[in-house]
Structures are given as C-alpha cells and as structure tokens.
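In each ligand, atom 1 is the first atom listed, and ligand 1 is the first ligand listed. Index from 1, following the sequence. No experiment lies behind these values; they were computed from the predicted model shown.
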Amino acid sequence: MQGVRLVNQIGVSSFIDADLVVDASGRGAPTAALFEALKLQPPETTTIHINLCYTSAVIELPEQATKNWKLVLTLNDPPRIGDRGVLVPMEHNRWMVTICQRGRLERIDGWDSYVSAFGELITPTIHDALRQAKPIEDLRQFAFPTSSWRHFERSPRLPRGLLPIADAICRFNPIHGQGMSSAALQARLLRDALADAITESDPVAALQQGFMAEVASVLETPWAMSTSRDLMFPDTHGPRPEHFQANVEFELAMFRAAVIDPVVHKAAMDVNQLLQPRSLLRSPHIMERIEETNGVRTGWSHPEVMTGSSTFRLRTTVPRG
Ligand SMILES: Cc1cc2nc3c(=O)[nH]c(=O)nc-3n(C[C@H](O)[C@H](O)[C@H](O)COP(=O)(O)OP(=O)(O)OC[C@H]3O[C@@H](n4cnc5c(N)ncnc54)[C@H](O)[C@@H]3O)c2cc1C
C-alpha cells in the first residue's frame, strides 16, 4: 500500500502517502475493496444472524411518570422473549427510549405501533410510562442483520501497510453494548503494538503481525458473551461453540445468583464491562456463591472446557440432598 486517496465533499480528490493505513471505517469497506482489487482470499468470517431492529425516540415524560428513576432496562428472556427496552434520561424531562426487536428487520410504522411494541416486553414499566409520553422527533430505526467477526488474524497475510481495527474486524450485536469498549481495547493494543514495532527492522510488518497476534484475545470475551446470549434462541443461525449448552446453564445459574448476591453481581458487572477477565466467574469463591444460591453442590468430574481466552473446569451440578 502506498497511502489513501481522499475525495472531499465537492468531489476534489487528493492522495496522501502513508506507510501504514488503519481502516477504522466501521464496516471495513475499504479493506474489503483492497482485498478484492488484489484478488486476495477474503478472511474467514464467523456470522451470527440476529436480525435485529433497533428503534429509538426522544420523548418528554412528566416528572410523576418516572418516579425518580435513574434509568429503566427491561431485559429479554431467552429463549422465550427476544425483545428488550431501555429508557435513559437526558436533560429537561427528556428521555431517550429504545426498543431492540429480535428476529425482525421491518421498520415500526408510527408512534402507536412503537408504544404497543413495548407491551410485548417481559415487564410493563416502559410501556406504562410511554402512555404518558410525548414524542418530540421522529423514530430513528436501524436494522442490524448479523454480528460478524472477520478473522484477519487467521489470514496468511494482510496487504502490506494495512491494518483493519474495531468494527472493521468485528461487529457485535449492539444491544450488548460491547462495541465501543472493544474498540477502545483495540486502540490500546494498537498503541502497545506500535511501541513494540518501532525498534524492529521492518516496523510496518512487525506492527501488523504484533497486532494480529493479540487481537483475538481482546475480542474473544466480548464476542463469547454477546453471541452466547443470541445463540440461546434456537432459531438464531450461526455456529454454536463446543460445550455451548453447559455454558448456557452456567450463565443462567450465574444470573440467578447475581440477582440476590452482591458479590456475584459485582463480578458479573465487572466481566460484562470488560474490567475483569471472564475466568473470574469460574473462580472458586464465585462458583461457591453461585452454587449456594442455586441450591446445588458440585463435583470436579467434568473435563476442561474452553471459552474465549480463558480455560476453566466445568463443575457438574448435583441437586442437594
Ligand atoms: C444502533 C447501534 C447502537 C449501538 N449501541 C452501542 C452501545 O450502546 N454501546 C457500545 O459500546 N456500542 C454500541 N454500538 C457499537 C458501536 O457504535 C461500535 O462498535 C463503534 O462505534 C465502532 O467504532 P469504529 O471506530 O470501529 O466505527 P464507527 O464508530 O462506525 O466509525 C467509523 C467512521 O468511519 C467513517 N467512514 C466509513 N467509511 C469511510 C471511508 N471510506 N472514508 C472515510 N471515512 C469513512 C464513518 O463515517 C464513521 O464516522 C452500537 C452500534 C449500533 C449500530
């Protein structure tokens, strides 16, 4: 690669020489176009078909409707209920409300249909509030058919001087809120890989190799966490990892414990926010609390199971008594 061609808003084009071009374009179209132009094999891609419709509105709510809420998050309930809702405060009694509908890509047709969609969620809190709401702008809708991970790290080689990053490599289902944290972790990885490569005889090649050698370890945890929840719906098309069902059962037991045990709750939140590795949830002091809440005792008889970058031993659960 020699650089990038820029075309400005009035169609004037210019060329910038560059030894390294980082493709942070979200969809990664420039990288895909370059692969095609050079007749390179596109990267292996893992695709999870989520067919998500994400619809938001800014509304005004009277103070008495919100009862001093900090925010409202109504989760889905796999595999039964696929939709979830969020209500978050803005300023001047304004709120942003979003519904994420799984398994449909059609747009919602108008405010009344929007409000009634919230009636399908697992609890009626947001639906009840919306009946007192006034929309102050049109609905904003976004269709998100697939989560996808382009495995550039498995490609034999990248075009020299090109480095895709963040969503250009891996796009997560937005409802799990992992995309920006993952992009930030990759930016940090890029900084470290640059620092390491600078003293090498071929810093550009060293950077590409250094970044790609580590990027999977940054992506595996958020990818595993977000896709496992999507794959709990039997009609979600996509490859299920090894030991998927056992991991789902563990996750459900962990959620039951997190609702009543603040220590498990904090661990689950820290892992979810990518502040701690996923293996924390399998550490003995957390496992014991999860087992206690779920009324089971366990043995260590199950073989080792891998998820993401962390290795753990899966305990088989045996009902008490
Ligand atoms: C509806 C929705 C809701 C989301 N909600 C959340 C959330 O709550 N929390 C969370 O963490 N993540 C969320 N995400 C994901 C998050 O937005 C992305 O993971 C993150 O923005 C990725 O950053 P990025 O820099 O890779 O790409 P982007 O933020 O998409 O930035 C890419 C930029 O490159 C520009 N660009 C594209 N092509 C070219 C080109 N050829 N030349 C020049 N510029 C170009 C684009 O215009 C854009 O400005 C959501 C995503 C969606 C779609």
For this session: Collect the protein residues that have a non-hydrogen atom under 4.0 Å from ligand 1 and hand them over in chain and number order.
Result: A24, S25, G26, P30, Y54, F142, A166, D167, P174, G177, Q178, G179, M180
Problem set entry | Spatial distance of atom CD (E60) from atom NZ (K134) [nearest 0.5 Å] | 4.5 Å
Exercise. So, R282 and E251, do they make that salt bridge, N to O below 4.0 Å?
Worked result: no
Problem set entry | D83: partners by salt bridge (charged side-chain N to carboxylate O under 4.0 Å, His left out), with sequence neighbours left out | none
Problem set entry | Verdict with reasoning, R191 to D196, per salt bridge (charged side-chain N to carboxylate O under 4.0 Å, His left out) | CA-CA 9 Å; R191 180 198 61 191; D196 290 345; over 6 Å; no
Exercise. Would a distance-only check, ignoring hydrogens and angles, find a side-chain to backbone donor-acceptor pair under 3.5 Å from N294 to A253?
Worked result: yes
For this session: On the 0 to 90° scale, with breaks at 30° and 60°, tag the W95-W69 ring pair as parallel, tilted or perpendicular.
Result: perpendicular
